[in-house]
Structure formats: C-alpha cells, structure tokens
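Structure first, then comments.
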Amino acid sequence: MSKLSLAFYQQEDVVSVAKQLLGKKLFTNINGIVTGGIITETEAYDGAIDKACHAYGGKYTNRTATMFLKGGVTYVYLCYGIHHLLNVVSGKEGNPQAVLIRAIEPVVGLEAMLQRRKMDKLAPRITAGPGALSQALGIDKQLNAKDLSANEIWIEDFESYNDDQIVATTRIGVAYAEEHALWPFRFYVKGNKFVSKPSS
DNA sequence: TTCCCGATTTACT
DNA sequence: GTAAATCGGGAAA
C-alpha cells in the first residue's frame, strides 16, 4: 500500500485530481481506531474563479486559509452547524483549489463506523454523503489542515477509472453559485451503490 | 458585536 | 415530499 505522493495533489488541474481520486482509498486513524474505504464520489472546487468555492475571488479569511495551502492537506469545514465536510486541498500554495469527498465505500473498521453512526447494520447510506462520511470516519475540525502524508488521515493508491466509468454531473447544494452551479464538477463511479443521491 | 445564511441530514406529515 | 435542526463564518454596522 502506498500513499499518494505530494506531486499528485499539486497538479494544476483540480478537476483532473477529483477524477483521479475516485477509486483511491481514504483512511483515518482516530485514537488508534482505523477506518476507511474507497472513494466513490468527489466534487471539484476551482478556487478563485469558482463562485461555489469559499475562496471565490481570492477571498482569504480565517476559514479559507487552509485552501490556500499547498496541495496535500485536508480542509474540514463545519456546515449547517452539524455536519463536517472533508476536502482535499490541491494545487500549489496560494491557489485555493480543493476536492470535496462526497462518498466512500466502507472497507476498514466497519464496526467503528456503525457505532459512530449509531446504526446496527451496514447500509449504503452509512458513508454516502459528505456529512455522513465524515461522521463514520470520525472526522471533525480537529482534522482540519492535516498533512495527508501523516498518520491521522491519508489516502492510498488503489484503482483508477477511465472516463467512461466516471459520471460527470452538476454539483449538489450549491444553487447559490448561480451559473457556476451548472458546472459539471461532480464525479462518481458509474453503478456504485455508495453514492449520495440528489435530495428529491 | 450582531445578524443572516449555508458545499446537509434526518425525521415526520 | 417537506421542514426543522443548529452553530461558526463572513459581512455589515
């Protein structure tokens, strides 16, 4: 098992990184408990030119500072006061690009995930959706701005998918971004069950 | 310092 | 299908 290299995260094209992250394995180690799974759904946030991105227009604040870091660190953000969203910062330092991890297929530490989610049996929804995923992996703000080559959270190389196995569609929950809400920056693995559905 | 709103999920009508 | 929960960040005053 090899962790993804720093060079991987620092590619210029965040959309490309988002696609390549599909099929890779994401792990966390919280208080010695390792949980993780295969990434099945991602979303790209293209920094300063993307209205849906927190750092749109080069906005630099306490919260968005993490996105300006060099690629290869986490960006964890609390949304709706309840849910933690896990992002992977990409690109070079000063370029606020990030990939939101929206869903994974659980592989390691299933019992711990069930416990954290207060569920008694495995269901796809346990990690389908950014908030659910973070809860299952025990991710909270403590894991913000962590280096992805460290031992608390990391991503390992595993599989890559071709374009014909990847579905590109519009992002979810970013209607406020106006025309940018229509950008096909959301990617998921075709036919995979562990993918969040648009709330309908 | 105050007010408004969100990269969502879940429970209930 | 619809609404409520809930709190930190960002912008305005």
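Convention: sequence-line order gives letters A, B, ...; per-chain numbering from 1.
- As rounded to whole Å, 13 Å separates atom P of B:dA7 from atom CD of A:Glu178.
- Open room surrounds CG on A:Asn151; 12 or fewer heavy atoms of other groups in view lie less than 6.0 Å from it.
- A:Leu85 comes within 4.0 angstrom of the backbone, heavy atoms only, and of no base.
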- Message: Strictly under 4.0 angstrom, non-hydrogen atoms only: write out the protein contact profile of nucleotides 7-13 of chain C, one letter per nucleotide from the 5' end, B, S or -.
- Response: BSSSS--

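- Ring geometry for A:Tyr77 versus A:His54: interplanar angle over 60°, hence perpendicular rather than tilted (30 to 60°).
- Put simply, the side chain of A:Thr64 gets close to the backbone of A:Lys59: a donor and an acceptor are under 3.5 Å apart.
- Ring-base stacking between A:Tyr176 and B:dG6 is not satisfied when judged by a centre separation under 5.5 Å and a plane angle under 30°.
- Under the 4.5 Å side-chain criterion, counting only non-hydrogen atoms from C-beta, A:Val89 is not in contact with A:Tyr9.
- Summarising the geometry, the separation between CG on A:Leu86 and P on B:dT9 is reported as 13 Å, rounded to the nearest angstrom.
- Between A:Glu41 atom CD and B:dA7 atom P the separation is 16 Å, expressed in whole Å.
- Atom-to-atom, CD1 of A:Ile139 to P of B:dT9 comes out at 13 Å; the value is rounded to the nearest Å.
- Under a cut-off of 6.0 angstrom, the local environment of CD in A:Glu111 is sparse, with at most 12 non-hydrogen atoms contributed by other residues, nucleotides or ligands.
- More than 12 heavy atoms of other residues, nucleotides or ligands lie within 6.0 Å of NZ in A:Lys51, so this atom counts as buried by the packing criterion.
- Between A:Arg117 and A:Asn87, the residue anchored closer to the 5' end of DNA chain B is A:Asn87, taking for each the nucleotide with the nearest heavy atom.
- Among the heavy atoms of the strands lying under 4.0 Å from A:Ala132 are primed sugar atoms or P, OP1, OP2 only; no base atom is included.
- Shown here, C:dA4 forms a base pair with B:dT9; the pair counts as Watson-Crick or G-U wobble because both key distances fall under 3.5 Å.
- Atom C1' of nucleotide B:dT8 and atom NE2 of A:His84 are separated by 12 Å, given to the nearest angstrom.
- Note: CG (A:Leu133) to C1' (B:dT9) measures 13 Å, nearest angstrom.
- A:Leu182 places its CG atom 16 Å from the P atom of B:dA7, with the value rounded to the nearest Å.
- Side-chain nitrogen and oxygen atoms of A:Arg102 include at least one within less than 4.0 Å of the OP1 or OP2 phosphate oxygen of B:dT8.
- The number of heavy atoms from other shown groups lying within 6.0 Å of CZ (A:Arg117) is above 12.
- When the P atom of B:dT8 is taken as reference, atom CD of A:Glu43 falls 7 Å away, rounded to whole Å.
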